[in-house]
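Data first, discussion second: the structure below is written as structure tokens.
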Amino acid sequence: MKPIHLLGALPFIGIIGGIFFVNRVTPYVLGMPFNLFWLVMWVVLISATMAVIYRLDPANREEHTS
């Protein structure tokens, strides 16, 4: 398995696996219960992770020759 595939699996593990460990209402973070903050944080991190994967993917490094 390539490291890029592991990087793509990280958000899945963070949301699905982490929700069992952060399943509590308190403390409040940015006015949200911690569980909701965890999910919102991962939505933002998924976007950042997918941007990194896009940059690292060799298929996106095509050089256009004229």
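As the structure is a computational prediction, the values presented were derived from the model and not from experiment.
- Hydrophobic clustering of Ile, Leu, Val, Met, Phe, Trp and Tyr side chains at less than 4.5 Å, counting indirect connections, unites L30 with M41.
- V44 and L36 fall into different hydrophobic clusters, where Ile, Leu, Val, Met, Phe, Trp and Tyr residues are linked whenever their side-chain heavy atoms come under 4.5 Å apart, directly or through other members.
- No side-chain heavy atom of L56 sits under 4.5 Å from any side-chain heavy atom of Y54.
- Under a hydrophobic clustering in which Ile, Leu, Val, Met, Phe, Trp and Tyr are joined whenever their side-chain heavy atoms come within less than 4.5 Å, directly or via other members, Y28 and M32 fall into different clusters.
- The closest donor-acceptor contact from the side chain of W38 to the backbone of N23 lies at 3.5 Å or more, if one exists at all.
- Separating the CE atom in M50 from the CG atom in L7 is a distance of 7.0 Å, to the nearest 0.5 Å.
- The cluster map of Ile, Leu, Val, Met, Phe, Trp and Tyr, joined by side-chain heavy atoms under 4.5 Å apart, puts F20 and W42 in the same cluster.
- From F21, atom CZ reaches atom CD1 of I19 across 11.5 Å, with rounding to the nearest 0.5 Å.
- In this structure the side chain of I46 reaches within 4.5 angstrom of the side chain of I15, judged on heavy atoms.
- When hydrophobic clusters are built by joining Ile, Leu, Val, Met, Phe, Trp and Tyr residues whose side-chain heavy atoms come closer than 4.5 Å, directly or via intermediates, I16 is grouped together with F34.
- The number of heavy atoms from other shown groups lying within 6.0 Å of CZ (F12) does not exceed 12.
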